Structure formats: structure tokens, C-alpha cells
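For clarity, every value in this text was computed on a predicted model and none was experimentally measured. Any value given below was found using the heavy atoms of this structure, including those in side chains, with hydrogens, waters and symmetry copies removed.
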Amino acid sequence: MRRIRLGDTVVILAVLLTAGLLFAFSFLPKEAGAYLSVSSDAGKTSYSLAENRTVTLTSGGYTLCIVIENQQAYVSSSDCPDKTCLHQGKISSAGETVICVPSGVVLRILGEDSHENDIVAG
Amino acid sequence: MKTTSWRVRRLASLGLLTALALILSYLESLVPLPLMLPGFKLGLCNIVVLFCAYRLSLWDAALLSLVRVLTTALLFGNLTGFLFSLFGAFFAFLAIVCAKTLLSQKLSFVGVSVLSAAAFNFGQILAASLLYASLSVFSYLSLLLVASAVFGGVVGLLLNLMFDRLEKGVKGGTL
């Protein structure tokens, strides 16, 4: 039987403190998103977040349904095997992403002054 | 003394421990956690890796870890999971090396286990951020770190209880 030492407590507290700091960091005010950039097999397309719409796209042999609603974007359905994209939730702030690895689809929110929003689908 | 019998013992021990780690990996994949988050694990096989690192050697633990990650991915996982686990296992191993060489007087297994679990999760998230080319996954690390403090702590407590007894029990035996 070995006893817990002071160092163990220090390690646990340090890990929890790091967790707390990371958590607090994720609450810092973020730049509001303006566009949704979708990259897939078919290339990259951007959509304005101001307009509600539903996009169905096929990439990597899988079909995903992407919804833009109330300035937020999310994957509403997907036939990919791991469904992680469905669980990543809604994104709305600049820099946030939803990634579906099996289909190779990446959703990324872009800010107002992003240079990537050259191609904006109407 | 690196006699033939020593080599055979080492081979047998490593085989046994690898099988044990594999079984524990499989068992924890069966546990339905209420909060089933991707990358979230109980880390039971950490018991075996830590036992190996302290009873055999750090190199044996590295080998065991690598084989465990490979076989788990082949049997139950997918390529992405394998990549994450590989990064995780690498950082966990670094943490164990640091703990064993630099902090062995200050930590019991609880500290070592929490440290290696936290490093494992850091590695996983690092792999994810590289794969997805995004730093936003790091916000998810906070949840995983809390989990590593809890589950790593439990694993460490178990090792605190078991290690000396196991060592006594197998004196002169295979391990």
C-alpha cells in the first residue's frame, strides 16, 4: 500500500487548473461570424449566415445535410459512419469549425472582414 | 544478467501484459458512459502500462503502449482513432518518463497516472488540431482534463493498492 503524497495533490490541482483556464478561455468574446465556408470534394463554397438555407452535398461517398438557421450553422443529417459531425453542434462565431472526417467536409465560420469570402453563393 | 531465460521471461511478461492491456481496452469500449464524448476513455489499460514502466522498464512500457495502440486500432478502432491514440500514447509515455526519472520521490502512482492521462488527452487533442487545422478543439481539452484528473486518480489509487502486493506475489515468478 503506497500513500498519496503532496506531489499527487499538486498534479491533480494543476491539471484541474489548466482545465479551468482552458474552459474560461473558450468564453472570451469572439468575433461574430458572417459567412460559412464549406470545403468538400467539390471545392470551397461560402454562404452568408444572414440567410436561412439548407444545403445537401455529397463528398467522399457520403451525403451531408447542412443547415444555416438564425446565424448558426450545423450538420442536420449525415450518412457517414461515425456521426461525429452531428454531435459537434451549432457554430456561429468566427473560427469555429465542424469537421466530418469520413466525407472530408469542413465547415468553418468566417468573420466579416475575412479574405476567404470571395466566392459567396447567392 | 541477460541470459536466455531472462529474455524468455521478458518476452513472456510483455506478451502477458500486452494481452491484459488489450482486454482492458476492449472492456472499456463496452462501458456505456452517460457522457459518451469522443476521445473519452476510462484509461484502464494505463494500469498495465504504468505497472510495466515501474516493474519492468520504461522501454518495455513504450513497446507495450505501441503494440496496444496498434492492436486496439486494428481490432476495434478506425484510422482517425488510431492517429489520436498514437499521439496520446506518445505524450503519455513522455509524461511517465519525466515522472519516473525526475519526480519519483515526490509522486505516488496517483500523480503519475493523472499526469500521463492528462498528457494522453493533450496528445489526442494536438493530433485533432493538426488533422482539422483548427485550434478550436483545444476548448474541448478542458473536459478531457477533468476526466483525466478523475479517472487517472482512480487508476493511480488502484495501483497504489496493488503494486507492492503484485510485486511480492510474483517475486521469483514470471514478472
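The most heavy-atom pairs under 4.5 Å with chain A, out of B:Gly111, B:Ser113, B:Gly156, B:Ala118, come from B:Gly111. Of the listed residues (B:Leu157, B:Val150, B:Val114), the one with the most heavy-atom contacts under 4.5 Å to chain A is B:Val114.
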Begin from the C-alpha positions of A:Val11 and B:Val110 and carry the test side chain to side chain contact (heavy atoms under 4.5 Å, CB included) through to its verdict.
CA-CA 9 Å; A:Val11 166; B:Val110 174; over 6 Å; no

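Listed by sequence position, A:Val15, A:Leu16, A:Thr18, A:Ala19, A:Leu22 are the residues of residues 13-22 of chain A in contact with chain B, using a 4.5 angstrom heavy-atom cutoff. Within residues 57-71 of chain B, no residue has a heavy atom under 4.5 Å from a heavy atom of chain A.
B:Phe82 and B:Leu75 sit in two unconnected hydrophobic clusters of ILVMFWY residues. Membership requires side-chain heavy atoms under 4.5 Å apart, directly or through other members. No continuous path of ILVMFWY side-chain contacts below 4.5 Å connects B:Phe93 to B:Leu86, so the two sit in separate hydrophobic clusters. Hydrophobic clustering (ILVMFWY, side-chain heavy atoms < 4.5 Å, transitive): B:Leu141 and B:Leu130 are in one cluster. The hydrophobic cluster containing B:Leu14 also contains B:Tyr54, counting ILVMFWY residues as joined when their side-chain heavy atoms lie under 4.5 angstrom apart, directly or transitively. Cluster annotation: A:Leu86 is not connected to A:Tyr74 through the hydrophobic network of ILVMFWY side chains, with a link wherever side-chain heavy atoms come within less than 4.5 Å.
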Solution key, residues 55-63 of chain A side-chain donor-acceptor pairs under 3.5 Å, sequence neighbours excluded:
| unit_1 | atom_1 | unit_2 | atom_2 | d |
| --- | --- | --- | --- | --- |
| A:Ser59 | OG | A:Asp41 | N | 3.1 |
| A:Ser59 | OG | A:Asp41 | OD1 | 3.4 |
| A:Ser59 | OG | A:Ser103 | O | 2.7 |

Compile the donor-acceptor pairs under 3.5 Å between side chains in residues 94-107 of chain B and protein atoms, sequence neighbours left out, one pair per line.
| unit_1 | atom_1 | unit_2 | atom_2 | d |
| --- | --- | --- | --- | --- |
| B:Lys100 | NZ | B:Ala53 | O | 2.9 |
| B:Thr101 | OG1 | B:Val97 | O | 2.6 |

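Here the straight-line distance linking atom OG of B:Ser108 with atom CZ of A:Arg2 works out to 8.5 Å at 0.5 Å rounding.
Only the side chain of B:Ser148 comes within contact range of chain A, with heavy atoms under 4.5 Å apart. For chain B, the nearby parts of A:Phe23 are the backbone and the side chain; heavy atoms of each come within less than 4.5 Å.
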